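These figures come from a predicted structure and were not determined experimentally.
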Number of protein chains: 2
Amino acid sequence: MTKPESVGSKYTRHSRDDVVAAALNILDEHGLPDLTMRRLAATLDVQPSALYWHFANKQTLLASIADQIVSRATLPGQTEHEWKGATRAEAEALRDALLAFRDGAEVVSSTLALGLGAGEAQKRLSGAIRGGGFDQGRSEVAAAALLHFILGHVSHEQQRLQADSLGVVPQEHSADPANATTGARGREAFDFGITLLLSGLELQIHAGTLSD
Amino acid sequence: MTKPESVGSKYTRHSRDDVVAAALNILDEHGLPDLTMRRLAATLDVQPSALYWHFANKQTLLASIADQIVSRATLPGQTEHEWKGATRAEAEALRDALLAFRDGAEVVSSTLALGLGAGEAQKRLSGAIRGGGFDQGRSEVAAAALLHFILGHVSHEQQRLQADSLGVVPQEHSADPANATTGARGREAFDFGITLLLSGLELQIHAGTLSD
DNA sequence: ACCTGAACACCGTTCAAGT
DNA sequence: ACCTGAACACCGTTCAAGT
């Protein structure tokens with residue numbers, strides 16, 4: 001499935017999608033630091049320079065990877081009708097999608113400024129928020145705030161996951177009960193942050209200014 | 001001032017602080033991608049290997065840089081007495097400190113998992129929040145949420161700053177009025193996000209559960 | 001206490017040329 | 001349409017040895 005058509009050509013040939021799929025594989029199995037152009041080329045039995053026929057540079061490739069990760073964030077039932085529940089569901093789906101790939105949050109974060117990858121995520125969030133009757137501008141700024149929290153939280157979570165697996169545990173930081181953003185408490189802390197933002201946003205319905 | 005004592009030795013010698021100061025200089029003038037160990041060594045008129053006497057690795061050096069950036073986040077008047085104002089003031093000070101150095105937010109973010117650099121920031125925030133009567137655990141989780149938003153927002157801001165300066169402006173994303181996290185609207189969007197989190201947190205005072 | 005010199009094992013990217 | 005081969009200009013890190 002990852003392999004190309006292999007029509008009677010002299011050597012293996014790949015499509016753009018093949019490259020992205022192979023990259024996602026390396027990312028999930030070895031992490032972002034190991035996702036190099038040279039290593040990716042090697043797993044495809046190809047010279048590193050061949051990748052530059054498919055992508056202008058590594059940054060562009062990472063953007064495509066981010067797109068794939070975010071696009072896998074699908075809602076389960078879609079049975080939510082009120083905006084808070086709908087927005088929370090989008091946030092949870094996004095968290096799950098980011099957690100599904102090693103270093104997923106960091107990859108998506110790195111493409112945020114380019115409007116790729118994370119752009120789709122922000123659209124979903126702001127769309128759900130708009131269901132609450134907020135205007136376009138407010139919905140987008142609120143969605144950006146949600147997205148920053150989500151990416152930061154999950155990124156933190158994933159950094160710790162791999163720091164712990166490497167045994168690089170400075171002091172008590174690993175199993176510290178006060179550090180509520182890891183492990184089983186990860187989901188709890190995540191929900192708490194989302195709650196703060198959503199209930200704060202709800203108060204804004206009857207407010208006309210951005211200030212307090 | 002950056003130069004060492006230069007007591008009659010055969011070549012220039014530097015302290016750990018000299019190295020950090022020079023690194024901060026490179027960071028601010030050329031950005032994080034240009035902050036390499038080799039380049040840093042060159043500006044200090046030293047071999048790259050010399051840096052490894054002062055720091056175990058680049059990660060550790062970045063942590064010290066993050067510490068410096070965060071420690072510069074000082075409050076102006078300290079005239080706030082109620083927790084919301086005090087917490088907002090800490091958040092603003094942190095934002096200013098991050099913006100004071102090119103790629104400052106990204107550097108601090110990258111050290112978040114290690115508990116260095118950003119740890120100091122989280123302590124300040126949770127300390128201010130505790131003034132509202134929240135227990136230790138809640139204050140820390142809330143501070144983490146604030147910190148994730150702050151780092152994500154400023155990081156986004158700084159990424160766009162340098163993307164624009166490089167002329168890499170995909171489509172209308174640069175001056176897009178809908179993109180409310182850049183330029184003059186950056187401060188506004190930042191304050192809005194902080195408001196959402198703080199007012200959401202205020203509602204939690206009379207709530208016993210983490211859920212909605 | 002702080003640095004040199006030399007090496008190891010890598011990177012991303014370009015570009016003419018091949019099929 | 002997709003890839004090779006070869007090169008360019010870099011990286012972070014280690015380690016014995018010097019002063």
Side-chain angles (χ1 to χ4, degrees), chain A residues 2-23 26-27 30-66 103 106-107 110-111 114 162 166 168, chain B residues 2-23 26-27 30-66 103 106-107 110-111 114 162 166 168:
Chain A
T2 310
K3 282 287 169 187
E5 338 277 314
S6 59
V7 279
S9 175
K10 192 166 185 182
Y11 32 66
T12 48
R13 310 191 121 205
H14 308 87
S15 70
R16 204 182 144 98
D17 286 343
D18 290 329
V19 177
V20 174
I26 295 179
L27 178 69
H30 304 280
L32 187 55
D34 281 4
L35 178 50
T36 69
M37 298 300 267
R38 299 182 106 100
R39 179 158 187 168
L40 175 57
T43 74
L44 290 167
D45 277 312
V46 128
Q47 296 294 318
S49 52
L51 299 176
Y52 291 85
W53 190 89
H54 298 283
F55 297 93
N57 48 46
K58 189 178 182 178
Q59 184 74 253
T60 311
L61 169 62
L62 285 173
S64 289
I65 296 173
D103 294 336
E106 204 181 331
V107 172
S110 74
T111 67
L114 303 167
Q162 117 181 62
L166 257 76
V168 192
Chain B
T2 310
K3 281 288 171 188
E5 337 277 313
S6 58
V7 278
S9 173
K10 193 166 187 186
Y11 32 65
T12 46
R13 312 191 119 205
H14 308 89
S15 71
R16 202 181 145 99
D17 286 342
D18 291 330
V19 178
V20 174
I26 295 180
L27 178 70
H30 304 281
L32 186 55
D34 281 3
L35 178 51
T36 70
M37 298 299 268
R38 300 181 105 101
R39 179 158 185 167
L40 175 57
T43 73
L44 290 167
D45 278 311
V46 128
Q47 295 296 316
S49 52
L51 299 176
Y52 291 86
W53 191 90
H54 298 282
F55 296 93
N57 47 45
K58 190 178 181 179
Q59 185 72 254
T60 311
L61 168 62
L62 285 173
S64 289
I65 296 173
D103 294 336
E106 204 181 331
V107 171
S110 74
T111 67
L114 304 167
Q162 121 180 59
L166 257 75
V168 192

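At whole-Å resolution of the value, CG in B/D17 and P in C/dC2 are 11 Å apart. Look at CH2 on A/W53: it is 10 Å from C1' on D/dC3, rounded to the nearest Å. With rounding to whole Å, B/Q47 atom CD is found 10 Å from C/dA6 atom C1'.
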Dot-bracket encoding of pairs in DNA chain D, which uses [ ] for pseudoknotted crossings and | for another strand, Watson-Crick or G-U under 3.5 angstrom: ||.|||||...|||||.||

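At least one side-chain heavy atom of A/F55 sits less than 4.5 Å from a side-chain heavy atom of A/V20. A/P33 has its side chain within reach of A/D103: a pair of non-hydrogen atoms, C-beta onward, lies under 4.5 Å apart. Inter-residue side-chain proximity for B/L35 and B/L61 is flagged as unmet; no heavy-atom pair is nearer than 4.5 Å.
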Per-nucleotide protein contact string for nucleotides 10-17 of chain C (B base, S sugar-phosphate only, - none; heavy atom under 4.0 Å): -BBBBB--

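The backbone N or O of B/H54 sits less than 3.5 Å from a side-chain atom of B/R16, completing a donor-acceptor pair. Side-chain N or O atoms of B/H14 include one that pairs as donor or acceptor with a backbone N or O of B/L44 at under 3.5 Å.
Taking atom C1' in both C/dC3 and D/dT14, the straight-line distance is 15 Å, to the nearest Å. Taking atom C1' in both C/dC2 and D/dC15, one finds a spacing of 15 Å when rounded to whole Å.
B/R39 and B/D34 make their closest contact through CD-O, 3.3 Å (heavy atoms, listed as atom of the first residue, atom of the second, distance). What you find for A/L40 and A/A23 is that their closest heavy atoms are CD1-N, 3.6 Å.
We find the CG-NZ distance between B/L51 and B/K58 to be 11.0 Å, quoted to the nearest 0.5 Å.
Dashed line: the shortest gap from a side-chain N or O of A/H54 to OP1 or OP2 of D/dC3 is under 4.0 Å.
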